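Just so you know, residue 1 is the first one in the sequence shown, and it goes up from there. In each ligand, atom 1 is the first atom listed, and ligand 1 is the first ligand listed. All values reported here derive from a predicted model rather than from experimental measurement.
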Amino acid sequence: MSYFLIAQLDYIFFIYGLSFILLSGICAIMYRRDDKTSLPWHLLGLFGLSHGFNEWLDMLALSLGDSPLFTNIRIAIMALSFIFLLEFGRRGYCLFSNKYLSRWIYLPMAACVLVGFSYGTAETNAIIRYCFCLTGGSLAAWVLIRKAGNISPNISLYGAGIAMALYALAAGAVVPAAGFFPASVMNHNTFLAATGMPIQLIRAILAVICTCFVLNHHNSSIKIQLSLADDGLFFKPLWTRAMLLAATLLLSGWIAAIWFSSSMMQETESNILLQARYAAAAINTGRIQQISGPSSSEANSNYQRIREQLTAFLSLNNRLHLFQLFTMHEGKVYNTADSAPNGSSHHAVTGSLVASPAPELLEVFASARECLVKPHKGIHGMFVSGLTPVMVTDKPNPIAVLGVEIDAADWKHQEAHYRLLTIITTLVFSIATIGFFVILQRMMESTKLLEASRRKLAEAQLQRQHELEELNCTLEEEVEARTAKLTEINIELQKHIAEQTRTEKLLVEKNVELQHFAYIASHDLQEPLRTITSFIQLLAKRYQGKLDKDADDFIGFVTDGAKRMQTLINDLLAYSRVTSKAKPFTTVDLSRIYECALANLKHAISENDALITADSLPQVAGDETQLLQLIQNLLGNAIKFRSPGEQAVIHIGCRDEGDCWEFSVKDNGIGIAPQFHERIFEVFQRLHNREQYAGTGIGLAICKKIVERHGGILRVESEAGNGSNFVFQIRKEQVSPGVAA
Ligand code: ADP
């Protein structure tokens with residue numbers, strides 16, 4: 001069993017290396033994909049890459065031969081790979097234990113390796129494994145197990161951690177045999193002797209297991225990344241198939257390696273026998289018989305001829321090591337001739353006895369059947385021999401046996417070459433298969449990713465639509481409610497407007513009626529009043545001073561009352577005439593009106609020494625008489641209500657306000673307190689008694705009415721004691737408001 005397994009070491013190295021190279025690929029993907037603060041996957045990947053490569057170099061050394069330089073290169077690469085592993089473990093330890101493990105730990109280790117280096121290759125190899133592999137592997141295992149505990153129970157990482165721990169033991173504790181303890185006790189050889197299997201097989205199995213677990217972890221993390229929680233078996237069929245295919249491929253490769261190398265070796269074997277057969281057929285049997293047995297002498301011409309022939313055969317095929325001719329005499333086997341030059345270590349003296357002939361050689365003499373002796377120990381090393389009998393027609397037994405020898409190492413290398421050829425073919429197929437599955441997985445990932453994002457988009461759209469519908473519903477309800485309310489308000493408003501219109505109409509009618517009444521009343525009252533006044537005047541003329549003093553006073557009161565009543569009725573008549581006797585609008589030059597007013601007020605102006613100025617006044621559309629009355633009234637008031645002991649200074653201002661003119665009559669008189677600003681425009685409202693200032697209180701009411709008829713508003717800006725400013729507007733357009741009858 002152990003012989004068989006050792007013969008398969010090259011294939012074991014191949015699988016060992018392949019699994020670590022795969023591990024490096026997976027780690028590279030995880031490093032790119034994972035959160036970089038998670039684990040230093042790139043270091044584990046670098047370990048996998050360098051160590052896998054190292055195993056393949058070991059395989060090449062086994063198949064193609066080794067050299068001290070090659071051995072040293074491999075040891076250096078192995079050391080580098082274990083340093084990556086240790087660095088992975090160190091950084092992971094710092095990450096999970098919250099303790100800092102310094103890089104200085106490399107220093108004592110490197111010193112140990114240097115000491116080992118001075119002893120020899122095997123010692124260096126062993127110390128590197130003890131220092132870097134055992135420590136690095138154990139730390140890496142701890143890190144993987146800690147990480148597994150961190151992300152929910154993660155079976156894959158637990159598995160990978162345990163496999164890594166065992167690998168650390170297999171690769172770091174069982175080392176090549178070296179001259180110091182424990183390497184002298186626990187090493188590759190003692191392990192092989194104790195278990196019957198090479199430690200490399202165990203390491204390869206652990207490497208495969210570790211890689212499978214890491215791959216599974218990677219696939220689970222993709223599932224999480226792709227949110228495939230409910231689609232957990234997504235990659236399972238793919239990877240089950242991939243695993244099955246890979247296992248089949250590797251198994252087939254292994255069987256092919258055995259089969260191909262053995263069939264090729266069979267050909268080599270038959271080739272050796274063929275060479276022996278050709279030589280046997282070519283040699284003259286008569287000459288053989290002449291030199292047969294112990295009596296043969298080197299001086300014999302037959303011997304020399306046969307030797308020449310054997311040497312010639314050897315020179316034809318440089319892969320062959322030696323041609324030998326054996327003869328049997330009285331049951332003993334004698335060296336008769338060979339192709340080795342005289343004096344060479346391989347040369348046997350003719351006629352010398354073969355001390356312990358190989359059983360196969362005796363068998364050929366006995367059975368007259370050719371045979372091949374697989375690697376066997378000769379006097380000068382390990383060889384593979386092809387033995388063929390030399391027959392003559394009249395004898396049943398061979399008169400001699402011709403042997404062809406080939407170096408066993410050469411033989412083994414040939415076999416290794418054939419196996420290597422198969423391994424390389426398997427490697428190409430494996431890479432193609434892995435590539436195929438990686439591409440397939442990537443395609444499936446992208447499809448899933450696309451599906452997931454589509455699903456999310458659809459869900460989001462649905463949600464938005466739902467929200468929109470809800471919003472729409474609310475909005476519609478709100479609009480309905482508002483519309484209903486608005487309709488209600490509208491109906492109410494319409495009712496209100498109708499009522500208002502009715503009231504306004506009624507008011508206008510009443511107003512007209514009232515104005516008419518006022519006009520009629522004041523007009524009609526004038527007549528009896530005039531009668532009363534004239535009779536009173538007559539009474540006063542005739543009886544003044546003839547009656548007693550009281551009668552004189554009474555006559556005086558009645559005369560005054562009648563006069564006042566006359567004034568009031570006149571004023572009332574003037575007020576009602578603003579609308580009842582209004583004239584249609586014409587173009588009125590206000591500067592002329594202003595001059596006219598000044599002329600009318602000339603006595604008052606000169607009496608009070610008033611100073612009146614005006615801006616340049618425009619032409620407007622209006623009732624000339626009323627506008628004169630307006631200006632005259634305002635100027636008259638300004639003079640009348642001047643500040644005592646001060647000269648009255650009055651100014652008429654004019655400003656263009658777009659569609660109308662705004663006029664102001666400003667004085668420096670006694671002013672009006674703000675609370676009376678409205679009241680003064682009402683009929684018969686006065687702020688002073690007749691003794692202080694003469695008047696009836698109708699002047700401003702008439703002014704207001706005139707301004708309103710001309711499309712403006714009359715207002716006052718004033719404070720008590722600070723003068724007054726009466727402001728009013730007159731529209732520019734010639735729109736006549738019509739004239740009342
Ligand atoms: P009357 O001049 O006959 O009193 P008005 O209607 O012209 O009546 O004026 C009403 C009141 O407004 C006046 O009694 C006076 O108190 C006040 N008034 C009018 N014009 C002025 C003014 N320029 N300065 C101060 N007070 C004024």
Can we call the ring centroids of F88 and F47 under 6.0 Å apart?
no
Quick check on the 6.0 Å ring-centre criterion: do F641 and H688 meet it?
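They qualify: ring centres under 6.0 Å apart.
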State whether the number of non-hydrogen atoms from other residues, nucleotides or ligands found under 6.0 Å of H677 atom NE2 is greater than 12.
yes
Considering only N or O atoms, set out every pair between ligand 1 and the protein closer than 3.5 Å, with distances to one decimal place.
residue: ligand 1; atom: 2 (O); partner: N637; partner atom: OD1; Å: 3.4
residue: ligand 1; atom: 2 (O); partner: K640; partner atom: NZ; Å: 2.8
residue: ligand 1; atom: 3 (O); partner: T696; partner atom: N; Å: 2.9
residue: ligand 1; atom: 3 (O); partner: G697; partner atom: N; Å: 2.9
residue: ligand 1; atom: 4 (O); partner: R686; partner atom: NE; Å: 2.6
residue: ligand 1; atom: 4 (O); partner: R686; partner atom: NH2; Å: 3.0
residue: ligand 1; atom: 6 (O); partner: G699; partner atom: N; Å: 3.2
residue: ligand 1; atom: 6 (O); partner: L700; partner atom: N; Å: 2.9
residue: ligand 1; atom: 7 (O); partner: N637; partner atom: OD1; Å: 3.4
residue: ligand 1; atom: 7 (O); partner: N637; partner atom: ND2; Å: 2.9
residue: ligand 1; atom: 8 (O); partner: G697; partner atom: N; Å: 3.3
residue: ligand 1; atom: 16 (O); partner: H688; partner atom: NE2; Å: 3.2
residue: ligand 1; atom: 20 (N); partner: N637; partner atom: ND2; Å: 3.3
residue: ligand 1; atom: 23 (N); partner: D667; partner atom: OD2; Å: 3.1

Stacked cation flag K705 on Y575, 6.0 angstrom / 45 deg:
yes
Could you pull out the closest heavy-atom pair between Q619 and W661, with the gap in Å?
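Q619 and W661 have their closest heavy atoms at O-NE1, 4.2 Å.
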Pick out which of H651, E717, R715, K666 makes a side chain to side chain donor-acceptor pair (under 3.5 Å) with N725.
E717
